[in-house]
Each structure stands twice: as structure tokens, then as C-alpha cells.
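A quick write-up on the structure given underneath.
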Amino acid sequence: MDKYMWWQKAVFYQIYPRSFKDSTNNGIGDLKGIISKLDYLKELGIDAIWYSPFFMSPQEDFGYDITAYDKIAPEYGTMDDFKLLLEKSHALGIKMILDLVLNHTSDKHPWFLESKKDQSNPKADWYVWKDGKKKNGKKPPNNWKSIIGGSMWKWNEKRGQFYLHQFLPCQPDLNWRNEEVKQQMFDYIEYWLNKGVDGFRLDIIHTLFEDNKFRDNPKSWRLFPSESSSASLFQNPRYTQFLPETIEICKSIRKIVNNYSPPRMLVGEATREPKAIRSLYGAHNDGLNLVFNFSLCNTDFNPKKITKIIQESESLLPEPYWPCFCLSNHDNKRMISKLGNNEEKMRLFTLLLLSIRGTPFIYYGEEVGMHQVKIPKSQWSDPIAFLKFFKLPIGRFFNRDGCRTPMQWKPVENNAGFSPNSSIKPWLPVPPSLMTQNVETQLNNKDSLLKFYHDLLKFRKNSLALQIGTFSLLSTANEKILTYKRTFGDEKLIIILNFSNKVVEIVNPTIDGFKAFSTKSIIDHNNFVSNIILDKFEGIILDIRS
Ligand code: GLC
């Protein structure tokens, strides 16, 4: 058997269903819309798709607040649409992974409606409830802060207790110490696996358990988390994140998934220092198959910093462990806009993403260079935008709407071809830059960003060195250059990335080979080089097989 699994070789693509393609002219995306674009995705060259949730939900957090784990939200389609989507994807050789929101449900979920009634109903213990402090019991049980700020506890008058929410108050945490809850969620996992899905992305999986003694979290001086510390909002989440019990659940889910053939996979979402992230893989590689490393989303255009990220990832996750990277997602600003909407820089970052060791995830629209969009206040949708911290409306700075705007299919002003009828206004506005940053226009231009993605994905598909080859960083005298080697059998590739805005000449390289790929459009495949010239912000792949 092949030592490497499909998800190690695959390139994933994230679809935010609400924003991919509307088939019904209601301004929001749906499953039928996605089905109509599967050929486009096949042509693009991706291997698997992660879908943000399309389950039944009041959509207060756009699907991350679920009211039925086994039903499709009617605005997105029906179970038959889902089946067709899966069937057609598989027929095209595209795998499908779903978003599993295990930490919390919506507060409109029938379980929570029951649970909050009193302290003795059948679902009373399905969520994390606790008595408050002080005489009237109305002071939160401890100092825990939710991920998005404010107390992690919300008072419920009827039940006379607080419930816990690691995220928004409308997303009460399930009580994973309750065996019934655990069994129910495991049943849902099997329910979808039995339907044939190829795996799951596990939403904020690091927050599944909290300390059972409810000890206060230690104080910290940090307001914002960083790559090296997860402390934020002046608190270190020691008792609320990455508990050993959480790792045990990851292992149990891995066991369930391992029973299925063809092989399925798990990728976790967790935010904290790399060491904590490593723990979710399990001490014996028996936990999650992959855990997102968000360091590239947050880094600067700086080869030194990027080198550090790669070195850290390589030392923490040597084989058989496998890293997992992305440049942006539905919670993060679009990468091209972080790079000043500079397409050359975006190409360089994309080559980086697709050529370092690890499974890459592309966020929808990245391939046509969709920009982060400034959304007028009247159209804000993300619940985080409306949050107030210490009475200040700071939530607006964390508004995630700008990276969730409709996919840009055509140069059509009002909705970029997202809805069939061009007069329909989509749920979030499209920006003027859609006139160039769209699929139709870029398919007709051989020098476009989209064509670059096509070429690079094709190159990667034919290169086992890029997919699963060994990785080693190479040193260079020029600190604006990042270079590394990927090797698999006879195939030896050297990737050279020029982060400077100047032409760089590498004289007398100790290697000999030919430019097999470049982020610039024109490549001469027969061009053996003894000195290598890189244009500003150019990235190349040298083939040194011979
Ligand atoms: C994850 C999701 C995010 C969601 C949150 C709560 O971070 O990516 O979109 O709001 O979890 O489920």
C-alpha cells in the first residue's frame, strides 16, 4: 500500500456555501449552485473541497450555530441536492469534507430550548451550566473569557444559572462530559460517513472541554494572541483550551474514522502556539490527521519570518506527522489584500503554499485574486461586527464580512454573475475590482492569476516531490531570497522565492538544472542555467533531476 494517504497529496479548496453560487436568484449561494460549478473546480485542478456548514441553522453565525446536525438548511437545498453534490464530486474525483461543529449548538437548538427550562429536564446536563457567585448568584462562576471577549458565562433567569459559551452567547457549549452528548455527536459523525463524505474539518476543536474544577484562568498582560502565545484579553486560557480530555476525544473520533474505507480524514481548527497544536495530532499520531497552522495567514511579506514558521513546523511535525497551511479563510482577511492587492506578491505566496511540505487549502476566490471588501455599515452581517467591548464598538475591526463576499464569476457589476439574474443584489456586496478579478475574464487571458493557478496545480499534480517529497531549507547569501529543496526518488526540485522588488542574480550556483516553473508567465523549459536571474517578486521551481 502507498505509504501516503490521499489527503497528504491533495490540494483542498474551501467553499463558503452562502457565497459560492446562487442558483435560485435569492442572493445567497446554495448546493445546486455549487453543483453547477464542479466542472470549473475540476478544471482548476483541486482534489478535495471543505464546505463551511450548510446544516439547519438560524444563521446567526452563518451556519456555525446548528439546530439540526442531520438536516440541510432549506435555503441551501435538500438532502437530495447534497447527495447529488457528493455523487457528482466523486464522479469527478473530488473528495468532500464537511464542517463539524462539536463544541456548541445554536441556542435555538431543541436540546438547548429543553435544557434551559429548569434544572431537572432530560437535557438539563447537555450543556455546561453552573451556579453563579455572590449572594444573589448573579456573578459569573469564574473569570473565564470567551474567545471573542467578555465573560464566557451568560445568565439564564428561568433556570437561575449561567451557561457557558466559548464563542458567541447564541452558541452554548455542549457538555462533553455527558456520555449521551458524546454518543449523540459520534452518531452524527457516522451518519455523514455512512453517506460517503470523505472527512471533516473540526471547528474550534481545542475548546471542547473546560476544567472540571472550574479554576480561574491565570492573568496575562496580553491583549491580542500571537503565534507564540495564546494568551489574550489579559488571560491565559490554561483551563479552557487544549485540555487532555479534548485530545482523548480527537483520538476517539480518529478511531471511528479509521473504520471506514476508502480512507477518511480529519483536519482540526485550533488557535494557539504550535506546541499545543501538535498535541491534537496525538502523542502517537493517533489524533487528528491534520491541524491548521495559521501562521502564514498572519505573517508579513518577510522571508526571515516565513523561514522561522517553516522551521518550526518541520521540527514539530516530522514525518509521519503532516503540516497543513492556508493563506486565508472565512475568518481571516484575504491574503492578496494583506499584500496591498499586489498580484506578483500573491503569486509568490501561492507558490510557497503549494510547494512547502504539508497539505494546502485554497480559499474560494483566491484563484482570481478576490480582494477584501469594505462593507458599508448598513450591510454588515457578521455578528462579531456588532460586539462591544467595554461599551466600545470595537467588534467592527474584527468584522469578517469582507472576506466572505460572493464569488466573482463574470464582469457583471451588480453581482459578478453570482446570481443568475444580474439585477439581484447578493447578501453581501461585490466590489468594483470584480471587473478584472473574475473567472470569465481571467479564463480568457493566458497571463491571468487564474491561469497561473491552473498551471501550478497541474505542475503539482505531476510532481510527487512537491506533494510528498522530503523537505530541506537551503541557505542563501541574500536575505530577501527563500530557497528550499523537495526530493522524491529521482525527482529533485529547488524552489527559489525572491521577496525583493529588485531583479536578483544568483551567480555560480552550485546546482545545475532548468527552470521548470515560474510565477511569471513565460518559461523556457529547455533553459539550462548556470546563473539564475529572478525578476522582482519572482518565484521559480528548478528541476535538477539530471
Ligand atoms: C470557527 C469558525 C468561525 C465560527 C466559530 C464559531 O472559528 O471558523 O467562523 O464563527 O468557529 O463556531
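One-based numbering, in listed order, for ligands and for the atoms of each.
Note on ring orientation: taking the six-membered ring where Trp is involved, the planes of Phe292 and Phe294 are parallel (angle under 30°, cut-offs 30° and 60°).
With hydrogens left out, the protein atom closest to atom 8 (O) of ligand 1 is Asp331 OD2, 2.5 Å, a heavy atom. Nearest non-hydrogen protein atom to atom 7 (O) of ligand 1 is Glu269 OE2, 2.8 Å. Nearest non-hydrogen protein atom to atom 10 (O) of ligand 1 is Asp61 OD2, 2.5 Å.
For Trp409 and Phe20, the ring centers sit closer than 6.0 Å to each other. Between Phe418 and Trp427, the ring centre distance reaches or exceeds 6.0 Å.
Closest approach of His330 to Arg404, counting heavy atoms only: O-NE, 2.7 Å.
Each of the atoms 6 (C), 12 (O) of ligand 1 lies under 4.0 Å from some heavy atom of His104. The distance from ligand 1 to the heavy atoms of Arg201 drops below 4.0 Å at these ligand atoms: 2 (C), 8 (O). Residue-ligand proximity, Arg400 to ligand 1, at heavy-atom distances under 4.0 Å covers atoms 3 (C), 4 (C), 9 (O), 10 (O).
Donor-acceptor pairing under 3.5 Å is recorded for the side chains of Asn217 and Gln235.
Phe214 carries Lys130 over the face of its six-membered ring, with the cationic atom under 6.0 Å from the centre and within 45° of the normal.
Considering Asp203, Ile147, Leu168, Ile66 only, the shortest heavy-atom separation from atom 12 (O) of ligand 1 involves Asp203.
Distances from ligand 1 to the non-hydrogen atoms of Arg404 include at least one value under 4.0 Å.
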